[in-house]
**Q** 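There's a structure below that I have some questions on.
Just so you know, ligand 1 is whichever comes first in the structure, and atom 1 is the first atom listed for that ligand.
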Amino acid sequence: MWPLFALVLGLLVGSFLNVVIHRLPKGESIVFPPSRCPHCGHRLGPVDLVPVLSYLVLGGRCRYCHRPISHRYPLVEALTGGLFLLTSLFYPPSLETLLVFAFLGLLVALAFIDLDTYELPDGLTYGLLFLGLLSAYLLSFPRPFVEALDGALLAAGALALIAGYGGLFLRRFREGRAEVPVGPHQVHMAALFGTLLGPGVGMALAFLTWALSGRTGKAVVLPDRVTLPLLPLFLLLSPLLGGDFLEALKGTLLAAGGLALAGGLYWALRPSPPETEEEPVAMGYGDVKLLGALGAWLGLYAFLGLFLGVFAGALLGLLLRQRKIPFGPYLALGGVVAFFFGETLWRAYMAWLGL
Ligand SMILES: [Zn+2]
């Protein structure tokens, strides 16, 4: 009975996610008004809204105006139903399982909103992050709080630095405009200081320049052309300076991740962001926030999720020959695979290496 219940619940949640995916980016209410046909505007009744079945029975057309309905709707419903069914095979009915359902539902919404708009709404990425941290704190599920927090910061820090180096290459090593009071410059500074002095001091120094920038209205930062090239140098030198390479790397990523997620939260909560010209960057911080959120659920397996996402994205990008592809759906896919099969995949890989 449990798998059947999970499947039906997933189909219904999927139906709700369709509304979220459709309305959230436009800033419309998710609860009201009730669903209508996008073509004729006829209000849809319960019979029209049975997940997947209505679509099949009506032949993929509106009951009232007979114009075609996007196959996206039954797809999202079936996908969510399938994911909940998969969950029921791993977990018994429990509070923890409800949290897994929330994790999966948020990822489905994020993936499809990114496909439509090339954006990952902060409400959903930070919702996913804080739900993961809260669950880890209160229930030690899916992993202990320290692992969840480390996973979030390390993963976000790694992707923020990848984006930093990508941006510097794309600008052909010209200095990018520094955002006031906080932007990628602080993230790169936190990383550099974190390498040398540990994550706490690294973050504290970057927060100090954030405060100074806010105070003076000018960016009080070190240029990227200084911080980013010095960073690998200091990392490689750390064993010679009596440190430990892995500790130094951990300090780098934790500090960068802390600044990236805190800075992102600042911009998300800011009432009216000023109109700014977009800089060419390799990757928006939306992906950084999403990977950080995955880290809160997956711990270090978030890196496996990232690897799988990059692999799937590159493969499909090559096959479809698309130039601009949103990365969020691939990250979400990698995250789901790593959540259910991460340990299995890792053990199989180790066995294959003969370790
Ligand atoms: Zn219609």
Side-chain angles (χ1 to χ4, degrees), residues 3-88 98 100-128 284 286 290 312-313 316-317 319-333 335-336:
L4 185 68
F5 176 79
L7 172 67
V8 172
L9 181 69
L11 291 170
L12 292 170
V13 169
S15 177
F16 169 69
L17 290 177
N18 273 321
V19 179
V20 173
I21 292 161
H22 197 67
R23 293 188 188 174
L24 190 79
K26 296 189 217 158
E28 294 173 2
S29 164
I30 287 159
V31 187
F32 192 85
S35 300
R36 290 172 186 280
C37 167
H39 303 295
C40 63
H42 199 289
R43 191 169 155 177
L44 301 177
V47 193
D48 307 302
L49 292 170
V50 181
V52 184
L53 282 182
S54 289
Y55 182 87
L56 294 178
V57 169
L58 296 169
R61 282 165 191 283
C62 169
R63 180 200 300 278
Y64 309 100
C65 67
H66 304 290
R67 269 182 279 187
I69 302 166
S70 167
H71 59 270
R72 160 74 72 79
Y73 294 100
L75 179 75
V76 167
E77 288 158 357
L79 176 67
T80 313
L83 286 171
F84 281 28
L85 179 65
L86 180 70
T87 307
S88 72
L98 280 182
V100 177
F101 288 159
F103 168 72
L104 295 169
L106 282 165
L107 283 179
V108 169
L110 280 162
F112 282 92
I113 289 175
D114 198 17
L115 268 182
D116 288 344
T117 65
Y118 291 97
E119 268 176 43
L120 295 161
D122 286 322
L124 297 184
T125 49
Y126 278 107
L128 191 65
L290 174 55
L316 227 77
L319 287 177
L320 301 177
R321 294 179 165 278
Q322 265 186 303
R323 284 192 68 213
K324 192 182 180 193
I325 50 166
F327 189 38
Y330 302 105
L331 267 187
L333 176 68
V336 169

**Q** Please, which pairs that meet salt bridge (charged side-chain N to carboxylate O under 4.0 Å, His left out) have at least one residue in residues 71-87, sequence neighbours excluded?
**A**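 Every pair satisfying salt bridge (charged side-chain N to carboxylate O under 4.0 Å, His left out) with a residue in residues 71-87: Arg72-Asp116.
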**Q** Which label fits Tyr73 and His22: parallel for a plane angle under 30°, tilted from 30 to 60°, or perpendicular past 60°?
**A**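 Tilted.
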**Q** Does atom OH of Tyr64 have more than 12 heavy-atom neighbours, drawn from other residues, nucleotides or ligands, at distances under 6.0 Å?
**A**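 Atom OH in Tyr64 is packed in, count exceeds 12.
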**Q** Rounded to the nearest 0.5 Å, how far apart are CG of Leu124 and CG of Leu290?
**A**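 With rounding to 0.5 Å, CG (Leu124) is 10.0 Å from CG (Leu290).
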**Q** Which protein atoms of type N, O or S are found under 2.8 Å from the Zn ion (ligand 1)?
**A**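 As for protein N, O or S atoms lying under 2.8 Å from the Zn ion (ligand 1), they are Cys37 SG, Cys40 SG, Cys62 SG, Cys65 SG.
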**Q** Considering residues at least two apart in sequence or located in another chain, which fulfil the side-chain contact (heavy atoms from CB on, under 4.5 Å) criterion with Leu98?
**A**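 Checked Leu98 against side-chain contact (heavy atoms from CB on, under 4.5 Å); matches are Phe101.
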**Q** The criterion is side-chain contact (heavy atoms from CB on, under 4.5 Å); which residues satisfy it with Arg36, sequence neighbours excluded?
**A**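 With sequence neighbours excluded, Arg36 shows a side-chain contact (heavy atoms from CB on, under 4.5 Å) to Arg43, given in chain and number order.
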